[in-house]
Amino acid sequence: MSLKPSMKNVVDIQGTLCLPIRIYFVKQGPSKYMSHLDLMRCMTRTIRRAGVPIWYTEGFNPHPFMTFALPLSLGTAGLCESMDVRLTDSMGFDEIKTRLNAALCEGIEVTEVNYVREKATAIQSAVYRIKLAMTGMSGDELSAALEDYLSQAEIIVQKKNKKKQLVDIDIKPHIMAFSVCAEGDGAVLEIRLPAGNALNINPNIVLKGFENTHGAVFTLCDVVREKLLTENGEVFR
């Protein structure tokens, strides 16, 4: 494995070359209920068991250097998750993938290992696919109700500000795109929302607003983050 000439090498204080790589993975099934802190612990154990030569931080308590692009909310599955690490020795991308998958827990699977191409700050939005069902509504009725709700000129919901205070905000201008269709006894909503450092709209806020409007709760609410997109709508890499 050779370093691309256009990439910038990272060297630690001891002069060791550290090659930054990005590990893409899915997080679903029982693992979607794993907190971000537990995910970091899981990945730390996995890397050690797999014997992948990654860079450790300096100091009294060294730990693997890992950064995640945009951590998931608890209970949300992800098909486009990524973790950046730095290699201190050569190892093929396919071998890294195989070693990690052999040591990972149920619900987490590495899908690709590649060079770091963009900074996480390039992420501007996320696409979610959400399966929903609600007591007293057929699939067609729920689909129509969601369509009407999301097509309103104004959608006021409560969101915590930086001071952790609940404030009313209009999320309608931030719904970048959506489509909804009936599926069996429920409905499937695909929605694109802002995601990243500047602005982040959690789909659960949108769904909670719908529940409050209709005075009922979803009996099924399966949220999957399918894509992370950059400003120009391209998939984050």
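Heads up: numbering here begins at 1 and tracks the sequence. Model, not experiment: these values are computed from the prediction.
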So, taking the atom named [atom1] in [X] and the one named [atom2] in [Y], what distance separates them when rounded to the nearest 0.5 Å?
| X | Y | atom1 | atom2 | result |
| --- | --- | --- | --- | --- |
| Met91 | Ile96 | CE | CD1 | 6.0 Å |
| Gln152 | Ile171 | CD | CD1 | 9.5 Å |
| Met83 | Phe65 | CE | CZ | 11.5 Å |
| Met137 | Leu132 | CE | CG | 11.0 Å |
| Leu74 | Leu39 | CG | CG | 11.5 Å |
| Met34 | Cys105 | CE | SG | 4.0 Å |

May I ask you to say whether [X] pairs ionically with [Y], meaning some side-chain N is under 4.0 Å from a carboxylate O?
| X | Y | answer |
| --- | --- | --- |
| Arg41 | Asp38 | yes |
| Glu81 | Arg225 | yes |
| Lys97 | Glu109 | no |
| Arg99 | Asp94 | no |

**Study point:** Donor-acceptor pair between Asp148 and Ser151 side chains, under 3.5 angstrom
**Key:**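 Distance-only check fails for Asp148 and Ser151.
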
Exercise for review: Report yes or no: is the cationic atom of Arg117 (NZ for Lys, CZ for Arg) under 6.0 Å from the centre of the six-membered ring of Phe236, at an angle within 45° of the ring normal?
Suggested key: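 No, Arg117 and Phe236 do not form such a contact.
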
Check: residues 175-198 side-chain donor-acceptor pairs under 3.5 Å, at least two apart:
residue, atom, partner, partner atom, Å
Glu190, OE2, Arg129, NH1, 2.7
Arg192, NE, Ser125, OG, 2.9
Arg192, NH2, Ser125, OG, 3.3

**Study point:** Of Thr44, Asp84, Thr57, the residue whose pairing with Met66 passes side-chain contact (heavy atoms from CB on, under 4.5 Å)
**Key:**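 Among Thr44, Asp84, Thr57, the one meeting side-chain contact (heavy atoms from CB on, under 4.5 Å) with Met66 is Thr44.
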
Between the main-chain N or O of [Y] and the side-chain N or O of [X], is there a donor-acceptor pair closer than 3.5 Å?
| X | Y | answer |
| --- | --- | --- |
| Thr46 | Cys42 | yes |
| Arg45 | Met40 | no |
| Tyr33 | Thr76 | no |
| Ser138 | Glu141 | yes |
| Lys227 | Val235 | no |
| Ser31 | Lys27 | no |

Exercise for review: Kindly write out the residues that satisfy ring pair (Phe, Tyr, Trp, His ring centres under 6.0 Å) with Phe68, not counting sequence neighbours, or none if the list is empty.
Suggested key: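 Partners of Phe68 under the ring pair (Phe, Tyr, Trp, His ring centres under 6.0 Å) test: His36.
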
Practice item. Quick one: list whatever passes ring pair (Phe, Tyr, Trp, His ring centres under 6.0 Å) with Phe218, sequence neighbours left out. Key: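 Partners of Phe218 under the ring pair (Phe, Tyr, Trp, His ring centres under 6.0 Å) test: Phe210.
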
Point to revise | Shortest non-hydrogen separation from Leu228 to Leu70 and the atoms involved | key: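 Between these two residues, the closest heavy atoms are CD2-CD2, 4.0 Å.
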
Practice item. Flag yes if more than 12 heavy atoms outside Lys159 fall under 6.0 Å of its NZ atom; otherwise flag no. Key: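 Yes, the 6.0 Å shell around NZ holds more than 12 heavy atoms from other groups.
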
